J.: 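What follows is a single structure, and I will ask about it in a moment.
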Amino acid sequence: MGLIVDTIRMQYLNNVRMDLEYKIQLITQTRSELMTSCNDLMQVGNDYDSDNPIVKTLNQRQAKLKLLDQKLEQQMLQYQTKLKMVETEYNSCRARVDKNIQQAFSYQ
């Protein structure tokens, strides 16, 4: 019975792991796009005088993008922590499955 439960649990944990890895990948992509946008804003801002209201608006937008990047980084760290927990539990289940299989087919 334990073998069946652990096998089902491993399938569930594998699905959770793949979901977390996908979310981490999306966040990484989004952060990359944010950095590109932020760099583009800086290049546009260099064309204007520093007292120009457009530069101030660009700086505000850049600050908002950096704040969003920080939030995405925190979320990614949370996902990475959850992923480590899932991988640890998956390995534990895998060890129990291996042990159950070894006991079931041990002819002593």
Side-chain angles (χ1 to χ4, degrees):
M1 186 68 169
L3 180 62
I4 294 170
V5 171
D6 283 334
T7 303
I8 292 169
R9 183 73 179 159
M10 283 176 50
Q11 289 174 348
Y12 168 76
L13 290 171
N14 193 38
N15 289 339
V16 171
R17 185 180 73 204
M18 289 181 0
D19 184 52
L20 287 170
E21 287 173 349
Y22 178 70
K23 288 178 180 179
I24 290 170
Q25 181 183 9
L26 287 177
I27 289 174
T28 303
Q29 268 181 325
T30 304
R31 287 185 71 201
S32 175
E33 292 170 4
L34 278 175
M35 284 297 115
T36 302
S37 297
C38 197
N39 290 336
D40 290 345
L41 283 176
M42 287 303 297
Q43 289 177 357
V44 170
N46 289 337
D47 296 340
Y48 296 104
D49 184 30
S50 62
D51 294 333
N52 195 326
I54 293 174
V55 173
K56 292 178 182 179
T57 303
L58 291 175
N59 287 337
Q60 289 174 350
R61 289 182 182 168
Q62 183 184 17
K64 288 179 184 179
L65 289 175
K66 286 183 180 182
L67 181 63
L68 181 58
D69 182 57
Q70 290 173 352
K71 288 180 182 180
L72 286 173
E73 183 180 11
Q74 289 174 352
Q75 190 174 28
M76 186 169 68
L77 289 173
Q78 289 174 351
Y79 286 151
Q80 287 173 339
T81 302
K82 288 179 184 178
L83 182 61
K84 286 179 185 177
M85 292 181 346
V86 166
E87 288 175 347
T88 301
E89 187 175 352
Y90 181 87
N91 291 336
S92 176
C93 283
R94 184 73 193 157
R96 284 194 308 266
V97 166
D98 290 343
K99 182 181 173 186
N100 284 333
I101 290 173
Q102 185 177 8
Q103 286 177 351
F105 293 102
S106 177
Y107 300 108
Q108 292 182 4

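It should be emphasised that the depicted structure is a prediction, and the values quoted were computed from it without experimental measurement. Residue numbers count from 1 along this sequence.
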J.: Kindly work out whether a path of hydrophobic side-chain contacts (I/L/V/M/F/W/Y, heavy atoms less than 4.5 Å apart) joins Val97 to Tyr12.
T.: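 Yes: a chain of side-chain contacts under 4.5 Å links Val97 to Tyr12.
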
J.: How long is the gap from CD1 on Ile8 to CG on Leu13, to the nearest 0.5 Å?
T.: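 Result: 12.0 Å between the selected atoms.
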
J.: Listed by chain and number, what are the side-chain hydrogen bond (donor to acceptor under 3.5 Å, both in side chains) partners of Gln25, not counting sequence neighbours?
T.: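 With neighbours one apart ignored, the set is empty.
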
J.: Using the side-chain hydrogen bond (donor to acceptor under 3.5 Å, both in side chains) criterion, which residues pair with Arg94? Sequence neighbours excluded.
T.: none

J.: Kindly list each side-chain donor-acceptor pair under 3.5 angstrom involving residues 31-38, sequence neighbours excluded, with atom names and distances?
T.:
| from | atom 1 | to | atom 2 | distance (Å) |
| --- | --- | --- | --- | --- |
| Arg31 | NE | Asp69 | OD1 | 2.7 |
| Thr36 | OG1 | Ser32 | O | 3.0 |
| Ser37 | OG | Glu33 | O | 3.1 |

J.: Measure the shortest side-chain to side-chain distance between Gln103 and Asn100 over non-hydrogen atoms and say whether it is less than 4.5 angstrom.
T.: yes

J.: Who passes side-chain hydrogen bond (donor to acceptor under 3.5 Å, both in side chains) against Asn14, sequence neighbours left out?
T.: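 Result, side-chain hydrogen bond (donor to acceptor under 3.5 Å, both in side chains) vs Asn14: Arg17.
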
J.: Under the side-chain hydrogen bond (donor to acceptor under 3.5 Å, both in side chains) test, which residues partner Ser92, sequence neighbours left out?
T.: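 In terms of side-chain hydrogen bond (donor to acceptor under 3.5 Å, both in side chains), with neighbours along the sequence ignored, Ser92 is linked to Arg96.
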
J.: Are Ile101 and Tyr90 linked, directly or through other ILVMFWY residues, by side chains that come within less than 4.5 angstrom of each other?
T.: yes

J.: Say whether Leu3 and Phe105 are linked into one hydrophobic cluster, either directly or through other cluster members, by side-chain heavy-atom distances under 4.5 angstrom.
T.: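 Yes, Leu3 and Phe105 fall within the same hydrophobic cluster.
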
J.: Provide the full list of side chain to side chain donor-acceptor pair (under 3.5 Å) pairs with a residue in residues 70-87, sequence neighbours left out, each pair given once.
T.: Gln75-Tyr79

J.: Which other residues belong to the hydrophobic cluster containing Tyr22, where Ile, Leu, Val, Met, Phe, Trp and Tyr are joined when side-chain heavy atoms lie under 4.5 Å apart, directly or via other members?
T.: Leu26

J.: To the nearest 0.5 angstrom, please state how far the CG atom of Asp6 sits from the NZ atom of Lys99.
T.: 11.0 Å

J.: Would you tabulate the side-chain donor-acceptor contacts of residues 53-63 under 3.5 Å, counting partners in other chains and residues two or more places apart, or write 'none'?
T.:
| from | atom 1 | to | atom 2 | distance (Å) |
| --- | --- | --- | --- | --- |
| Thr57 | OG1 | Pro53 | O | 3.0 |
| Asn59 | ND2 | Val55 | O | 3.4 |

